[in-house]
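These notes are about the structure you will find just below.
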Amino acid sequence: MSTIDVQAGERVLDVCAGTNAIGIALLQREPSLEVHAIDRSEAMQEVGQQRAQDRGLRIDSIIADVHELPFPDSHFDVVTLQYASRHLRITRVFQEIHRVLKPGGRFYHSDMLRPANPLVEKLYYAYLRLCLAFTGFLFQSGPAALNCKEYFINALQMFYSADELSGMLRDIGYRDVGAKSLLAGMIGFHRATKAS
């Protein structure tokens with residue numbers, strides 16, 4: 001949350017909003033925001049709407065495919081996408097986010113990334129396999145859940161490093177692209193702006 005800068009009265013879109021954790025946190029910080037949430041999961045958004053209402057907050061929710069954002073061009077001051085991009089056609093989603101941002105609008109992204117260092121990458125996947133196997137054993141997960149472990153790791157292996165993701169954002173047309181990574185590149189935070 002500390003990487004996301006919002007100003008009073010801005011219109012914000014949270015892409016792949018899930019249960020509205022980001023929207024709620026932003027509204028608690030700045031109650032004058034107009035927050036919109038988009039997600040494919042109606043069930044998660046129902047939970048998210050209830051969580052917002054329980055706190056006296058309003059988040060406008062849309063159930064739709066984030067690859068085709070149902071908003072006009074140059075509509076939002078801020079767009080966020082947190083911990084979902086590994087599961088998307090990310091170039092398309094980043095293009096759509098660029099389209100709906102106002103000139104000068106800001107995009108904030110964070111997710112688990114593929115470490116650029118090959119040794120760190122191998123250790124990372126070994127650690128994840130161990131943790132996921134232990135969790136599966138602990139909760140007596142069935143074969144379908146255990147198969148998700150490989151999907152999770154494969155999604156990381158096919159994803160971008162922090163520098164590669166920054167390059168893609170620049171190629172799409174974002175300006176002032178900044179990145180910060182943690183844990184030797186395992187987690188990345190990006191900030192980018194649509195040209196004025």
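Since the structure is predicted, the reported quantities are computational estimates derived from the model, not experimental observations.
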Tell me which pairs pass ring pair (Phe, Tyr, Trp, His ring centres under 6.0 Å) where either residue lies in residues 21-60, with sequence neighbours left out.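 Qualifying pairs: His36-Phe76.
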
Do Phe152 and His87 have ring centres separated by under 6.0 Å? no

Do the side chain of [X] and the main chain of [Y] share a donor and acceptor less than 3.5 angstrom apart?
X      : Y      : result
Ser110 : Phe189 : no
Asp39  : Ala17  : yes
Tyr174 : His98  : yes
Gln45  : Gly18  : yes

Point-to-point distance, once rounded to the nearest 0.5 Å, from [atom1] of [X] to [atom2] of [Y]:
X      : Y      : atom1 : atom2 : result
Gln28  : Met1   : CD    : CE    : 9.0 Å
Arg106 : Lys194 : CZ    : NZ    : 14.0 Å
Arg114 : Tyr160 : CZ    : OH    : 9.5 Å
Leu128 : Leu123 : CG    : CG    : 11.0 Å
Ser2   : Asp5   : OG    : CG    : 11.0 Å
Met112 : Ile187 : CE    : CD1   : 6.5 Å

Do [X] and [Y] have side chains that get closer than 4.5 Å, going by heavy atoms?
X      : Y      : answer
Gln50  : Thr19  : no
Gln53  : Leu57  : no
Ser161 : Pro115 : no
His190 : Leu165 : yes
Tyr108 : Val79  : no
Asn20  : Val35  : no
Ile90  : Leu81  : yes
Cys16  : Leu88  : yes

Residue pair Phe107, Leu169: steps toward the side chain to side chain contact (heavy atoms under 4.5 Å, CB included) verdict: CA-CA 10 Å; Phe107 172 43; Leu169 287 165; 3.9 Å; yes

In terms of hydrophobic clustering (I, L, V, M, F, W, Y; side-chain heavy atoms under 4.5 Å; direct or indirect links), are [X] and [Y] co-clustered?
X      : Y      : answer
Ile4   : Val15  : no
Tyr127 : Leu156 : yes
Met44  : Ile62  : no
Tyr83  : Met186 : yes
Phe134 : Phe139 : yes

Can you confirm whether more than 12 heavy atoms, excluding those of Arg129, are under 6.0 Å from its CZ atom?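 It does: Arg129 CZ has more than 12 such atoms within range.
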
Please enumerate all residues that pass side chain to side chain donor-acceptor pair (under 3.5 Å) together with [X], with sequence neighbours excluded.
X     : value
Gln95 : none
Arg29 : none
Thr80 : Asp14

Closest heavy-atom contact between [X] and [Y]?
X      : Y      : answer
Arg175 : Ala195 : CG-CB, 3.9 Å
Pro70  : Ile38  : CD-CD1, 3.5 Å
Leu33  : Val12  : CD2-CG2, 4.1 Å
Gly188 : Leu113 : CA-CD1, 3.4 Å
Gln49  : Ser61  : NE2-CB, 3.2 Å

Stepwise, does the side chain to side chain contact (heavy atoms under 4.5 Å, CB included) test hold for Ile59 with Ile24? CA-CA 8 Å; Ile59 296 176; Ile24 289 169; 4.0 Å; yes

Taking only residues two or more places apart in sequence, or in another chain, which ones meet Glu34 in a salt bridge (charged side-chain N to carboxylate O under 4.0 Å, His left out)?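 Result, salt bridge (charged side-chain N to carboxylate O under 4.0 Å, His left out) vs Glu34: Arg11.
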
Asn117-Glu121 side chain donor-acceptor pair, cut-off 3.5 Å: no

Is it the case that Ser85 and His109 place a side-chain donor and acceptor less than 3.5 Å from each other? yes

Not counting sequence neighbours, list each pair that qualifies as a salt bridge (charged side-chain N to carboxylate O under 4.0 Å, His left out) and has a residue in residues 92-105.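 Only Glu68-Arg92, Asp73-Arg99, Asp77-Lys102, Arg92-Glu96, Glu96-Arg99 qualify under salt bridge (charged side-chain N to carboxylate O under 4.0 Å, His left out).
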
Could you check Leu27 against Arg55 for side chain to side chain contact (heavy atoms under 4.5 Å, CB included), going step by step and ending with a plain yes or no? CA-CA 10 Å; Leu27 281 167; Arg55 291 161 175 81; over 6 Å; no

Taking it one step at a time, do Asp111 and Gln82 satisfy side chain to side chain contact (heavy atoms under 4.5 Å, CB included)? CA-CA 6 Å; Asp111 206 339; Gln82 314 293 318; over 6 Å; no

